[in-house]
There are 2 protein chains.
Amino acid sequence: MRIGELAQKSGVSRDTIRFYERNGLITSTVEDSETNSYRNYKDDCLVWLQFFAGAREAGMSVADLRSIVESTAESCDRDVARAVIQRKIEELKERADQIGNVVRFLENALSGPK
Amino acid sequence: MRIGELAQKSGVSRDTIRFYERNGLITSTVEDSETNSYRNYKDDCLVWLQFFAGAREAGMSVADLRSIVESTAESCDRDVARAVIQRKIEELKERADQIGNVVRFLENALSGPK
DNA sequence: AAAAACAATAGACCTTTGTCCATGGTTTAG
DNA sequence: CTAAACCATGGACAAAGGTCTATTGTTTTT
């Protein structure tokens, strides 16, 4: 799949896809056989991009995403991957708790001053 | 209270406090009577700053915070304030849900590939 | 074949959220 | 009184995360 299709299907802009690729979040191949230099993306890029979109919204940084992607790479130790991801899960849960606090503060602000 | 004390008590740096003030998140007064131009902060600035710290961590932008602060200002209609805050609460809850999704995705990634 | 649509790359540019000077006054402690 | 500590202002600088433009080459459509 080429970048346009990927962008359209994932809802992530071409520029952002290229940006992510430059930052090691996804990879693509340039077919030698082709006369062009168009990049080719596999289906799992789409899955990743959808995940990225949600994860970014949830507050994860691009660096976080890269470490997750890297940890799930072939070459990487399963246990290392687990540890990295487990760590991120903890962080996310903390963040969710923090959001809970803020929500309570705001709800209190609503009910507090009559 | 002067900025140094406020910074120390809130854990927010002087520079950041000034930045927030420039952005309308807090206000201060400069006593005419004084010979200096030192700013004076009321106790509620401390409460706000503590809230800001948590809210920023929870992923709220400075612009979000400004709209909350503005909505709770004297001049502002109680109901308008409620609406603004209620909206932010919804956004935060959505964000928390989003985090939940990401966590599930990650947990699945952990258990999925055995 | 010619135009329209798509792609690559490089680099400029933008916003957000601060942080870090430099300069020049003011206060406070010794 | 003098040095150390504090404050204000203005502007430079920074990192993250994109976005936009220019240029040039490739497909696809008509």
Side-chain angles (χ1 to χ4, degrees), chain A residues 1-42 45 48-69 88 91 95 98 102, chain B residues 1-42 45 48-69 88 91 95 98 102:
Chain A
M1 155 166 55
R2 305 209 284 219
I3 200 170
E5 189 182 349
L6 183 59
Q8 180 262 308
K9 283 184 177 165
S10 67
V12 175
S13 81
R14 283 157 216 252
D15 277 329
T16 301
I17 291 174
R18 295 200 183 99
F19 172 74
Y20 284 169
E21 186 166 2
R22 273 201 303 286
N23 283 276
L25 266 55
I26 53 173
T27 52
S28 63
T29 50
V30 217
E31 306 298 333
D32 272 0
S33 57
E34 301 294 340
T35 66
N36 64 38
S37 58
Y38 290 5
R39 299 187 159 284
N40 197 284
Y41 298 89
K42 288 189 293 186
C45 285
W48 275 116
L49 283 176
Q50 283 161 346
F51 164 68
F52 295 158
R56 292 282 305 120
E57 253 194 85
M60 298 185 76
S61 71
V62 169
D64 286 338
L65 298 180
R66 187 173 52 234
S67 71
I68 287 177
V69 168
K88 294 302 168 194
E91 286 174 15
R95 184 182 289 263
Q98 188 60 50
V102 173
Chain B
M1 162 168 46
R2 305 210 284 219
I3 200 170
E5 189 183 350
L6 183 58
Q8 180 263 307
K9 283 184 178 165
S10 66
V12 175
S13 80
R14 284 157 215 250
D15 275 332
T16 300
I17 291 175
R18 295 200 182 102
F19 171 74
Y20 285 169
E21 186 167 2
R22 273 201 302 287
N23 284 276
L25 265 56
I26 52 174
T27 52
S28 64
T29 50
V30 218
E31 305 299 335
D32 272 0
S33 56
E34 301 295 337
T35 66
N36 63 36
S37 55
Y38 292 4
R39 301 190 156 282
N40 197 284
Y41 299 89
K42 285 187 295 181
C45 285
W48 276 116
L49 282 175
Q50 283 161 345
F51 165 68
F52 295 158
R56 294 279 309 120
E57 253 194 86
M60 297 185 78
S61 70
V62 170
D64 285 338
L65 299 180
R66 187 175 49 235
S67 69
I68 287 178
V69 168
K88 296 301 170 195
E91 286 173 17
R95 184 182 289 261
Q98 187 60 50
V102 173

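We name chains A, B, ... by the order of the sequence lines, and we start the count at 1 in each one.
Comparing A/Arg22 and B/Arg2 by the nucleotide of DNA chain D whose heavy atom lies nearest to each, the residue mapping closer to the 5' end is B/Arg2. Nearest-nucleotide mapping onto DNA chain C: of B/Ser37 and B/Met60, the residue sitting toward the 5' end is B/Met60. Taking the nucleotide of DNA chain C with the nearest heavy atom to each of B/Tyr38 and B/Ser61, the more 5' of the two is matched to B/Ser61. The residue among B/Ile3 and A/Ala63 whose nearest nucleotide of DNA chain D is located toward the 5' end is B/Ile3.
Look at CD1 on A/Ile26: it is 12 Å from P on D/dG18, rounded to the nearest Å. Atom pair B/Glu5:CD and D/dA5:C1' shows a separation of 15 Å (rounding to whole Å applied). Summarising the geometry, the separation between CZ on A/Phe19 and P on C/dT15 is reported as 17 Å, rounded to the nearest angstrom. In this structure, B/Ile17 places its CD1 atom 14 Å from C1' of D/dA8, rounding to the nearest Å. For A/Asp15 and C/dT9, the CG to P distance is 12 Å, given to the nearest whole Å. Between A/Glu21 atom CD and C/dA10 atom C1' the separation is 15 Å, expressed in whole Å. One interatomic measurement links the two molecules: CG of A/Leu6 to C1' of C/dA8, which rounds to 15 Å at whole-angstrom precision. Atom CD of B/Glu57 is separated from atom P of C/dG18 by 11 Å (rounded to the nearest Å).
Using a 4.5 Å cut-off on side-chain heavy atoms (C-beta onward), A/Phe19 and A/Asp15 make no contact. At least one side-chain heavy atom of B/Ile3 sits less than 4.5 Å from a side-chain heavy atom of B/Arg18. Considering only heavy atoms from C-beta on, B/Val12 stays 4.5 Å or farther from B/Phe52 through its side chain.
Counting non-hydrogen atoms under 4.0 angstrom, B/Asn36 reaches the backbone sugars and phosphates but no base. If you check every strand for non-hydrogen atoms under 4.0 Å, B/Arg18 touches a base.
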| task | List the steps and the verdict of side-chain contact (heavy atoms from CB on, under 4.5 Å) for A/Met1 and A/Cys45. | result | CA-CA 10 Å; A/Met1 155 166 55; A/Cys45 285; 5.7 Å; no
| said: Under the criterion side-chain contact (heavy atoms from CB on, under 4.5 Å), I'd like the reasoning laid out for A/Arg56 against A/Leu65: C-alpha separation, chi angles, the key distance, then a yes or no. | reply: CA-CA 9 Å; A/Arg56 292 282 305 120; A/Leu65 298 180; 3.8 Å; yes
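Under 3.5 Å, the side chain of A/Tyr20 and the base of D/dG17 form no donor-acceptor pair of N or O atoms.
Taking side-chain N and O atoms only, A/Thr16 has no distance below 4.0 Å to OP1 or OP2 of D/dG17.
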